[in-house]
Structures are given as structure tokens and as C-alpha cells.
Protein chains: 2
Amino acid sequence: MTPPTRLSWKDVRDEIHKAILSGRYGPGDRLPRDADIAEEMNCARSTVQRAMQDLSDSGLVDRRRKGGTRVRAEPVTRATLDIPITRREVEQRGGRYGYQLIRRVEETAPHSVLATFELTTPQPMQRIEALHFSDGRPYILEDRWVCPETVPEIRDLDLTSQSANEWLVLNKPYSRCDMRFFAITAEPQMAELLETEVGAALLVIERTTWIETAPITTVKAITAPGYRLLTTS
Amino acid sequence: MTPPTRLSWKDVRDEIHKAILSGRYGPGDRLPRDADIAEEMNCARSTVQRAMQDLSDSGLVDRRRKGGTRVRAEPVTRATLDIPITRREVEQRGGRYGYQLIRRVEETAPHSVLATFELTTPQPMQRIEALHFSDGRPYILEDRWVCPETVPEIRDLDLTSQSANEWLVLNKPYSRCDMRFFAITAEPQMAELLETEVGAALLVIERTTWIETAPITTVKAITAPGYRLLTTS
DNA sequence: AAAGCTAATATGTACGTACTTATTTTGTCA
DNA sequence: TGACAAAATAAGTACGTACATATTAGCTTT
């Protein structure tokens, strides 16, 4: 006498996911129509549609009108990354957060920065270098450019106690964010700031944000040796 | 006389997103109830619900029953990464793909590998080292462990022409995948295989997959110098 | 006061219908 | 045979209702 519990779209999603995992449907195979699955599983088509949309979002299946649903022929491994404010990241790991402004100048942005922003006309930008600490040890070295045209407040902002990272995230929501990850070897200056040896391998997390097409900021977060970036499971 | 075009949930989502971007609702602020937004925007509550769910998924707002919807107080930068099969990645960049098996042995997995799989009992695993090439130049060095208990087929598999990467992705769908990113300096052996100098900074993409709780494979994709990992915009 | 019960409330979800839209298939005509 | 138009198809979406569920607020009891 189990109660006639209705299927949630997540149940349906997991069911279909399992069918794919089991090999019942292999890469490229076509799945039944939503309507048929709905009938078979005794639920509404809209429920199946919601489930399928989720599977499509996670890259497991391809859906096309009239073409139906098929298992992706060349699957991708899709992962989601959460990058919190650095202060919060440190605190969540149980560390004591520290922050120090290193340098702050306004100068014409180099070509590489303009290119990152997809700009062609040169313009002055604020360059801000700062260090984030965890338990007194260097954690992330931040090399940032901020566009004063989009963010005029930056000029009057006190960045000795609050980091640009934090102020921007809280006050300048973006509509587009590109991220890049790569490795570099520590140059002498970086090495000194991060209290490591020259030549150490460092993971760099580079982020660029826009509001519509107006550039906000681009930042290289140069992490201390041993830093590991994890996906959210 | 514009046609009375109905609002799609994506329209509603973008509208609310814009309201947040404009600063009308700041971090921590509470948004109107779904029902009120629905009335204001002249659509059904279910439409607003779908929009809000998406905003919640992308980390912009927090939703709680009875508590209502509020803008996330400590926003996170959420990014999505797509990692395709290496062959496809090379080909999409317009390169000619090459592959070479370097080494393949079955041995007891070291503790670090067991720990990655969240296993406690030692067991034999296949270790597979292989090189992926782009236009004849080393592109990714793959250091992989496969669990024969979960993937018995691996023992009889010819890996001289097809990479384990490709076979696994096409034949062993997973239910869980953890990823880690970090930087290392090239050791002599790696440097030789990747045709670079000892000490070069290399980005490592480490992936571990399970089917339910059964370990499938864990792999360190050691990328050639200059490799950049990008988010899908 | 503190603890526990009750009511109120906002989101979560399913359902079935109606309609829209992209894509493929089929059919027609030159 | 090829080009083009028409029909068929399957996903995409909106809507309004009904009900479920988590969480808060208020009220009662000790």
C-alpha cells in the first residue's frame, strides 16, 4: 500500500539518466518522445520536458524540435565552478583572512588588457595590486585593472581596508564573465610577495567582467603554490 | 498595435536579472513574491517560478519557502566548464590529432589514488600513460588509473590506436565526476615527453569519475606549456 | 521565560490543455 | 531529377489550478 506518490521531474530525470548509464541508450541513440516517456512513466509530458531540459543543460543529451532527443554522440564533461569572494574562501577553509594593498596607479591600459576587454580604443584604467592572506601567509596575489569609465566610483574608493575584489562583487554586478585558467612560473617580484621561490609553478585564475558590453574589470588571481581549484560536487 | 506577445520565462528571468544589475535590489534584499511579480508582469506564477529557479541555479538569488527570494548576500562567480574528448578538442582548434600510448601496467594503486577514489582497501589497478598531440606537438600528457573491478573490459582493450580517454567517455558514463585544477613544475620525464624544459609551469586538470560509488578512473591531464582552460561563455 | 503546538505563508511541483516554433518529411510541379 | 511548397512532427512554452512542503510567526501552555 505505498501511497500513489507522484513522480517529480527530478525522479524522471534520474530514471532517464540511469537508463543512459546502464547502456540501454548509447551515444547517438534516439530516446523515445517525451509524450511516450510520459505515458510509460505515468506522468504529464511537462514533467518529462522539465527533466529532459535538465539533462540537456548538463550536456548529456541533445534535443531538437522534430528531431527528438538523442544521447550526445561526443559527450562533454561539464563542470561547475564556484569562485567566492576571497575573504569568504579563506574563512570557509577555517583560516584567518588578511588583506594588503600593494600598489595602485592609473595609467593607459596595455594592449593585452584592451584585447581582453575586446576594446580597440586605448583608455586610462586603474591598476590595483593586492595580497590576500590566510593565517598570515600569502594566499592570492591579485593583479587587477578596473575601467573607471564604467566604474567611476573606483577613483574615490578607499582600498586599504576593503579589497577591490569584495567591493566590486558586492557593488558591480556583471552580465558577462569570462574566465581563464593557466599556469605560470613565479617571477622574482611575485615570488617575494607570495613568499616562495622564483620558478615555482602558480595557478592563475583570470576573470574578466562586463556589464552588457561595457568593461568592468579584469583580474589575474595568482594563487600561492599548492593552491587547488575544485569543482562543486 | 504590437501583438500581445506572451512573456517567456527567459524574458522574466532577464527582466529580474536587469533589476538586480541596475541596483534596484542589492545583496541581501528581498524580492517581491513570485505571485506579485507575476501579476505585475502579467504572466502566470509558474512562469515566474521557472525564471526564479534559473536565477537560483546560477547563484544570483537565494530562495527559501516562506522566506521568499533574496539577492545573494555574498555572491559567487559561477562558471561552467566543458571538457571535451581530447581528440575533439584538438580538432576543434583546427589541429591534426595524434595519439601515442607510453606505458601500461597493472599494479597496486598507491594510497594517493585510493584516497582520490575514497577507497580504503588496496587493490590492483591499471595505470595508463599516454600522449596526445596537436599537429605533431605534444598537447596533453595523460596519467591515468583505471579500476578493473568496475571496468573489466579495460584488460582486453587495445589502447595503441584508441585512447583510454576516448573509450571510457564513450563507453563508461559516470554518475559523479570531481575535478581539480592546479599547477606543477615539469619534472625531467614530463619535460622530455612534452618537449619542454624542466621546471616549466604546467596546468594539470585532474578528473575522477564514479558510477554510483564504484570508482571508474582518475586521470591527471598534464597540459603542455601555454595551455589555457576557458569557460564556456 | 522556555518549550511546544498551530496557523500563516511563500516557494515547489504536477497536471492537462492549448498553442508556438523549429525541423524534417513528404508531395508536387517544373 | 531538382527545386520548392505543404504537411507532419516533436520539442518549447504559457497558463491556471490544485496540492505539497518547508519555514516562519504567533499563540498557548507549563
Side-chain angles (χ1 to χ4, degrees), chain A residues 1-20 24-25 27-73 75, chain B residues 1-20 24-25 27-73 75:
Chain A
M1 287 284 275
T2 50
T5 133
R6 296 158 118 190
L7 285 175
S8 132
W9 65 266
K10 289 180 181 174
D11 297 332
V12 175
R13 177 197 59 187
D14 294 344
E15 202 62 42
I16 298 167
H17 192 170
K18 265 193 284 183
I20 295 172
R24 185 156 141 216
Y25 303 103
D29 284 1
R30 178 160 172 188
L31 282 88
R33 301 158 42 208
D34 290 8
D36 291 344
I37 294 180
E39 193 178 10
E40 195 184 338
M41 300 186 73
N42 198 35
C43 66
R45 180 167 79 90
S46 52
T47 307
V48 177
Q49 148 73 19
R50 187 68 186 79
M52 285 297 199
Q53 196 154 37
D54 198 65
L55 290 171
S56 175
D57 282 346
S58 64
L60 203 66
V61 302
D62 258 339
R63 274 162 83 73
R64 325 181 44 170
R65 286 170 153 143
K66 162 93 187 181
T69 307
R70 26 188 88 238
V71 181
R72 260 183 102 116
Chain B
M1 286 287 274
T2 51
T5 133
R6 296 158 118 190
L7 287 174
S8 135
W9 65 266
K10 288 181 181 175
D11 297 333
V12 175
R13 177 197 58 187
D14 293 345
E15 202 63 42
I16 298 167
H17 193 168
K18 266 193 284 184
I20 295 171
R24 185 158 142 213
Y25 303 103
D29 285 1
R30 179 161 171 187
L31 283 90
R33 301 160 39 209
D34 288 8
D36 292 343
I37 294 179
E39 194 177 9
E40 195 184 338
M41 300 185 72
N42 197 36
C43 67
R45 180 167 79 88
S46 51
T47 308
V48 178
Q49 147 73 19
R50 186 67 186 81
M52 285 297 199
Q53 196 154 38
D54 198 65
L55 289 171
S56 175
D57 282 347
S58 64
L60 203 67
V61 301
D62 257 340
R63 273 162 82 74
R64 325 181 45 167
R65 285 170 156 147
K66 163 94 186 179
T69 307
R70 28 188 85 238
V71 180
R72 262 183 100 116

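Here is how names work: the chains are called A, B, and so on, in the same order as the sequence lines, proteins then strands, and each is numbered from 1.
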### Message
Could you go through V48(A) and M41(A), starting from their C-alpha distance and side-chain angles, then the distance that decides it, and tell me whether this counts as side-chain contact (heavy atoms from CB on, under 4.5 Å)?
### Response
CA-CA 9 Å; V48(A) 177; M41(A) 300 186 73; 5.6 Å; no
### Message
Please encode protein proximity along nucleotides 16-24 of chain C as a string of B, S and -, counting only heavy-atom distances under 4.0 Å.
### Response
B-B--BBBB
Short side-chain N/O contact to [N] OP1/OP2 from [X], under 4.0 Å:
X      : N       : answer
R63(B) : dA10(C) : no
T69(A) : dA10(D) : no
S8(B)  : dA14(D) : yes
T47(A) : dT13(C) : no

Can you tell me how far [atom2] of [N] sits from [atom1] of [X], to the nearest Å?
X      : N       : atom1 : atom2 : result
W9(B)  : dG12(D) : CH2   : P     : 11 Å
R70(B) : dT23(D) : CZ    : P     : 14 Å
L7(A)  : dA20(D) : CG    : P     : 16 Å

### Query
Run the side-chain contact (heavy atoms from CB on, under 4.5 Å) check on V61(A) and I20(A) step by step: do they pass?
CA-CA 10 Å; V61(A) 302; I20(A) 295 172; 3.9 Å; yes
### Task
Dump the intermediate steps for side-chain contact (heavy atoms from CB on, under 4.5 Å) on V71(A) and L31(A), then the final yes or no.
CA-CA 7 Å; V71(A) 181; L31(A) 282 88; 3.6 Å; yes
Hey, could you give me the [atom1]/[atom2] distance between [X] and [Y], rounded to the nearest 0.5 Å?
X      : Y      : atom1 : atom2 : answer
I16(A) : R24(A) : CD1   : CZ    : 10.0 Å
S58(A) : R13(A) : OG    : CZ    : 8.0 Å
T47(B) : I37(B) : OG1   : CD1   : 12.0 Å

Name all residues meeting the side chain to side chain contact (heavy atoms under 4.5 Å, CB included) criterion together with [X]; count only those two or more places apart in sequence or in a different chain, and write none if there are none.
X      : value
D36(B) : P32(B), R33(B)
R72(B) : D62(B), V76(B), R78(B)
S8(B)  : K10(B), D11(B)

### Message
Does anything in residues 39-49 of chain A form a salt bridge (Lys or Arg N to Asp or Glu O under 4.0 Å)? List the pairs, not counting sequence neighbours.
### Response
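The answer is none; no pair qualifies.
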#### Entry: Nucleic acid contacts of residues 49-59 of chain A, taken as heavy-atom distances under 4.0 Å to DNA chain D
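Heavy-atom contacts with DNA chain D come from Q49(A), Q53(A).
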### Message
Just to be sure I understand the geometry, which residues of residues 27-37 of chain A put a non-hydrogen atom under 4.0 Å away from DNA chain D?
### Response
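Of all residues in residues 27-37 of chain A, the ones placing a heavy atom under 4.0 Å from DNA chain D are R30(A), R33(A), D34(A).
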### Task
Not counting sequence neighbours, which residues clear side chain to side chain donor-acceptor pair (under 3.5 Å) with R63(A)? List them please.
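Partners of R63(A) under the side chain to side chain donor-acceptor pair (under 3.5 Å) test: D34(A), Q49(A), T69(A).
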### Query
What base-paired stems does DNA chain C take part in, with at least 3 consecutive Watson-Crick or G-U wobble pairs and both distances under 3.5 Å?
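Paired runs of 3+ in DNA chain C: C:1-30 with D:1-30.
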### Message
Please determine whether side-chain contact (heavy atoms from CB on, under 4.5 Å) holds for the pair L55(B) and M52(B), giving the CA-CA distance in whole Å, both sets of side-chain angles, and the decisive distance to 0.1 Å.
### Response
CA-CA 5 Å; L55(B) 289 171; M52(B) 285 297 199; 4.2 Å; yes
### Smallest separation among heavy atoms of R70(B) and G28(B), with atom names
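Smallest heavy-atom distance, with atoms named: NH1-O, 2.9 Å.
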